[in-house]
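Because only heavy atoms are used, hydrogens play no part in the values below, and waters and symmetry mates are left out as well, while side chains stay in. Letters A, B, ... mirror the listed sequences (proteins, then strands); counts begin at 1.
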Number of protein chains: 2
Amino acid sequence: MRISFIGAGRVAHHLVHALQNKHQIVQIYSRTQMHAQDLAQRAGAEAVSALHQLDVNIDLLIIAVSDSAISSVIADVHEYLPQVLAVHTSGSTDIAKLTAVHARAGVLYPLQTFSLEREIDWSNTPIFVEAVLQNDEQNLHALAAELSQRVYVYDSVQRLSLHLAAVFACNFSNYCYDMAKQVVDAKAVDFSLLYPLILETAKKATAADPKVMQTGPAMRKDENILQMHQQMLEQGQREDLAQVYGLMSSQIIKRHDGA
Amino acid sequence: MRISFIGAGRVAHHLVHALQNKHQIVQIYSRTQMHAQDLAQRAGAEAVSALHQLDVNIDLLIIAVSDSAISSVIADVHEYLPQVLAVHTSGSTDIAKLTAVHARAGVLYPLQTFSLEREIDWSNTPIFVEAVLQNDEQNLHALAAELSQRVYVYDSVQRLSLHLAAVFACNFSNYCYDMAKQVVDAKAVDFSLLYPLILETAKKATAADPKVMQTGPAMRKDENILQMHQQMLEQGQREDLAQVYGLMSSQIIKRHDGA
């Protein structure tokens, strides 16, 4: 396939890297010329920074931009490439945002957390596809199946619930790690001591229902420890951490009440 | 060493299992006779359910009970075994809780999350020891070093901050997984789709500062998505999840403001 990209951020970066061996990456557009050039160079593609420069002769346009930019991008894209299959890569944006202006629309959503510093294990990364035309859906499915063993046709409602869940499972658990690091940093204790615990907790959640795997003072309704921890956080003037501690603990207690 | 245990819960279970090849497990006490018997049988030890039955002729008594029970247990233990080195296994309880009644006290705290269903990778599990007498501390250190490559002498203040951090890194991140599962369960979407994301997020946090690794709509200050997610949770009448979502997102936004 001949594939162009709108966007040169983390998702674009990893998709280009994963697709460039089997497909021709034609153009990469970014408002920031330098970002487009960096990524285009690695992929043997052309960097463009004006949408009117987009090559019409492609099979697929992948729009990998922030959710808030998708609507304006598709309006502009439609002007220059009205017939091309255009997909976004977002978990949270309904396909309707595309179809409102562009009939031949689709979605290619990889459920993963992307950093520029880390390789993605694509073969285990679930990818969710959706398209208006059946033929486009088949082609997207085939493309995704080259990357991953786990490709699913999901509609936008299912995808939205997955993405919301991912915010809890990924973004919020990462913030929990961040808070933990702040706690030990304040006492000059090495955060890496917590690594085995962090990894084992994640592994446990993929082996059994995390509700069953819950441990800790809130789960045990140990009021003395809960109070002591709150006092430690307040004495350290960490009202922010104390708030999270209080809310999470009270919810864990409720969830396991009478269990 | 001749070692007895007070308590037959998860921590006792895993410690007995790890120590029984090189040491003699003499007795296991539990108020619940059946729990003591189960564990004693596996360790070739005697089960006891009254403290006056404790054998005085041991080198170490490991008190692996809930934090709230430690004070009353050590008072009773001291009556029958006034000379024996007695250690607790808790991250949150100051050694002073023991020394208040029993001079020859110590701590053996493995920083890990214990489930009955899962084997512990002891060699990578940090263990923190502390003792009143230097000789006891050396012996505890040697014992812990048989289990793990990562043994540290930590005082109670350092240990407390580690345990508080562990609540964030382990108990609260697990609750995030639990909440994520509830979100997808409500839409009959398979929770296992989130496994690669959960594992990669944990791995990332052990490779770089989790603050730097933060992703998601709050990090990007994407107000549209944040609002949509809040609405989804409120429409699903999940006021509890909406509260966590709101608090965590506002703190993530603040933490990365101007970053």
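No other option in Ile120(A), Val184(A), Val189(A) has as many heavy-atom pairs under 4.5 Å with chain B as Val189(A). Chain A forms the most heavy-atom pairs under 4.5 Å with one residue out of Thr125(B), Leu164(B), Val157(B), and that residue is Leu164(B).
The number of heavy atoms from other shown groups lying within 6.0 Å of NE2 (His35(B)) does not exceed 12. Within 6.0 Å of CZ on Arg220(B) lie more than 12 heavy atoms contributed by other residues, nucleotides or ligands. Residue-environment remark: NE2 (His17(B)) stays at or below the threshold of 12 foreign heavy atoms within 6.0 Å. Heavy-atom neighbours of Lys204(B) NZ from other residues, nucleotides or ligands within 6.0 Å: above the threshold of 12.
Using a 4.5 Å cut-off between heavy atoms, Asn174(A) touches chain B through backbone and side chain atoms alike. Heavy atoms of Met232(A) lying under 4.5 Å from chain B belong exclusively to its side chain. Of the two parts of Glu223(A), neither the backbone nor the side chain holds a non-hydrogen atom closer than 4.5 Å to a non-hydrogen atom of chain B. Heavy atoms closer than 4.5 Å to chain B are found in the side chain of Val167(A), but not in its backbone. Both the backbone and the side chain of Ser249(B) come within less than 4.5 Å of a heavy atom in chain A. Contacts between Ser90(A) and chain B at a heavy-atom distance below 4.5 Å are absent for every atom of the residue. Within the 4.5 angstrom heavy-atom criterion, only side-chain atoms of Leu247(B), from C-beta onward, approach chain A.
Taking 4.5 Å as the limit, some side-chain heavy atom of Ser192(B) sits within range of a side-chain heavy atom of Arg150(A). The shortest distance between side-chain heavy atoms of Pro196(B) and Asp121(A) does not fall below 4.5 Å. In this structure, the side chains of Asn224(B) and Ser92(A) stay at 4.5 Å or more apart for every pair of heavy atoms. Put simply, the side chain of Leu193(B) reaches to within 4.5 Å of the side chain of Tyr154(A), judged on heavy atoms. With a 4.5 Å cut-off on side-chain heavy atoms, Phe191(B) and Asp209(A) do not count as touching.
If you take CE on Met248(A) and SG on Cys176(B), they are separated by 4.0 Å, rounding to the nearest 0.5 Å. In this structure, Ile198(B) CD1 and Thr113(A) OG1 are separated by 12.5 Å, a value rounded to the nearest 0.5 Å. Rounded to the nearest 0.5 angstrom, Thr93(A) OG1 and Ile225(B) CD1 are separated by 4.5 Å. Taking CG of Leu162(B) as the reference point, atom NZ of Lys187(A) lies at 12.0 Å (rounded to 0.5 Å). Rounding to the nearest 0.5 Å gives a distance of 11.0 Å between CD of Glu200(B) and CG of Asn124(A). A distance of 8.0 Å separates CD1 of Ile252(B) from CE of Met179(A), quoted to the nearest 0.5 Å.
Looking at Lys211(B), Arg255(B), Gln251(B) one by one, the single match for side chain to side chain donor-acceptor pair (under 3.5 Å) with Tyr175(A) turns out to be Gln251(B).
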- Message: Using side chain to side chain contact (heavy atoms under 4.5 Å, CB included), reason through Lys254(B) and Asp240(A) one step at a time and then give a plain yes or no.
- Response: CA-CA 10 Å; Lys254(B) 254 190 217 151; Asp240(A) 54 340; over 6 Å; no
- Item | Steps toward ring-ring contact (aromatic ring centres under 6.0 Å, His included) verdict (Phe172(A), Phe172(B)) | CA-CA 9 Å; Phe172(A) 291 169; Phe172(B) 291 168; over 10 Å; no
